[in-house]
Amino acid sequence: MYEIVVIGAGPAGASAALFAAKAGKKTLVLDNDKSITKKAWIENHYGVSEITGPDLVETGKNQVRKFGGEIIQGTVQNIVPTENSFTIETETATYEGKQVILATGLSVELAEKIGLNTKSGTEPRIKTIFDVDSTGKTNIDGIWAAGTVAGSSVHTIITAGDGAKVAINVISQLNGNRYVDHDILKS
């Protein structure tokens, strides 16, 4: 069983998965390879002078893999709550996870199917988003949301930061105390 399953591998999903995997959590990313970032040219992402969206997405996936996260291509069809976890169903397989982070970009269909509350979006062209609290929690305990679908601006730097924030909150809940990830330069 995975401790954290992230649905989506765009900036929000990959960032969430990076923090989860680096924290030592058994992490799975399910990616349908349809991130809107794959159409982007990016010159406003802190620390990067310029990058294509596909390169940014691939870099994020590689960072997740570096820390032991698993990435599987597939489209999630359903999420079914079980006693202490969730069964995540794709078109070809099922996976078990204790916590789920939805980072599905513009897509809310899955969330509406499983009963997550939605509300009107505030970004241009974003009609519907998940109704989450400030930590990223949805109305279903154990399901979180990050990035554009959770109301963050569509800018990659902002959605990546939101993914990191939500992951820190999930990790903290799993650990029972506040998790902080700081690396120190070695002299």
Side-chain angles (χ1 to χ4, degrees), residues 1-38 51-107 109-111 113-114 116 130 135-138 140-150 156 159-176 179-181 183:
M1 176 183 308
Y2 294 93
E3 290 175 275
I4 300 174
V5 176
V6 180
I7 300 172
S15 183
L18 168 60
F19 273 79
K22 193 166 181 275
K25 302 302 178 192
K26 187 172 181 187
T27 304
L28 172 65
V29 179
L30 295 169
D31 178 35
N32 69 4
D33 203 32
K34 295 180 182 175
S35 171
I36 61 168
T37 302
K38 295 191 107 182
I51 192 168
T52 68
D55 286 344
L56 182 67
V57 169
E58 198 55 39
T59 297
K61 288 179 181 181
N62 287 336
Q63 288 177 296
V64 171
R65 288 182 189 107
K66 174 184 175 181
F67 292 103
E70 185 178 350
I71 300 174
I72 296 174
Q73 188 165 337
T75 300
V76 175
Q77 306 291 316
N78 201 10
I79 301 172
V80 179
T82 59
E83 189 171 326
N84 293 314
S85 63
F86 297 92
T87 299
I88 300 99
E89 303 170 354
T90 69
E91 63 278 324
T92 59
T94 60
Y95 306 92
E96 296 293 320
K98 290 181 183 176
Q99 302 284 311
V100 176
I101 300 174
L102 297 171
T104 55
L106 305 176
S107 177
E109 290 82 14
L110 174 64
K113 178 180 181 178
I114 64 172
L116 290 182
F130 304 155
T135 68
K137 287 183 180 181
T138 70
I140 298 177
D141 192 36
I143 298 182
W144 309 68
T148 302
V149 79
T156 60
T159 60
D162 193 56
K165 174 195 81 173
V166 172
I168 292 294
N169 292 330
V170 174
I171 296 161
S172 297
Q173 181 173 303
L174 287 170
N175 289 351
Y179 174 76
V180 177
D181 179 356
D183 296 320

> Apply side-chain contact (heavy atoms from CB on, under 4.5 Å) to the pair Val76 and Val5, showing each step before the final yes or no.
CA-CA 11 Å; Val76 175; Val5 176; over 6 Å; no

> Within a radius of less than 6.0 Å around CG of Asp33, do more than 12 heavy atoms belonging to other residues, nucleotides or ligands occur?
yes

> Can you tell me how far the CG atom of Asp31 sits from the OG1 atom of Thr90, to the nearest 0.5 Å?
12.5 Å

> Can you tell me if Gln99 uses its side chain to pair, donor with acceptor, with the backbone of Ile4 under 3.5 Å?
no

> Indicate the atoms forming the closest heavy-atom contact of Gln63 with Leu18, along with that distance.
O-CD1, 3.7 Å

> Any side-chain to backbone donor/acceptor pair from Lys165 onto Ala146? Under 3.5 Å, distance only.
no

> Answer yes or no: is there a donor N or O on one side and an acceptor on the other, between the side chain of Ser172 and the main chain of Tyr179, under 3.5 Å?
yes

> Once rounded to the nearest 0.5 Å, what's the spacing between atom CG of Leu28 and atom CD1 of Ile72?
5.0 Å

> Which value, rounded to the nearest 0.5 Å, describes the distance between Glu109 atom CD and Gln77 atom CD?
11.5 Å

> Rounded to the nearest 0.5 Å, what separation is found between the OG1 atom of Thr138 and the CD1 atom of Ile101?
11.0 Å

> Give, for atom CD1 of Ile140 and atom CZ of Phe86, the distance between the pair rounded to the nearest 0.5 Å.
7.0 Å

> Grab the two heavy atoms, one from Ala160 and one from Ser15, that are nearest each other, plus how far apart they are.
O-OG, 2.8 Å

> Donor-acceptor pair, distance only, cut-off 3.5 Å: does the side chain of Thr104 make one with the backbone of Leu102?
no

> Looking only at heavy atoms, which two atoms of Gly74 and Glu91 are closest? And how far apart?
CA-OE2, 3.4 Å

> How far apart are the closest heavy atoms of Ala150 and Asp162, and which atoms are they?
CB-OD2, 4.2 Å

> At their closest point, which heavy atom of Ala9 faces which heavy atom of Val57, and how far apart are they?
O-CG1, 3.7 Å

> Let me confirm one number: the CG-NZ distance from Asp181 to Lys22, rounded to the nearest 0.5 Å.
3.5 Å

> Using the side-chain hydrogen bond (donor to acceptor under 3.5 Å, both in side chains) rule, pick out the option among Glu96, Glu70, Lys98, Lys26 that qualifies with Tyr2.
Glu70

> Closest heavy-atom contact between Ala145 and Val166?
O-CG2, 3.4 Å

> Under the side-chain contact (heavy atoms from CB on, under 4.5 Å) rule, what do Gln173 and Asn169 come out as? Steps first, then yes or no, please.
CA-CA 6 Å; Gln173 181 173 303; Asn169 292 330; over 6 Å; no

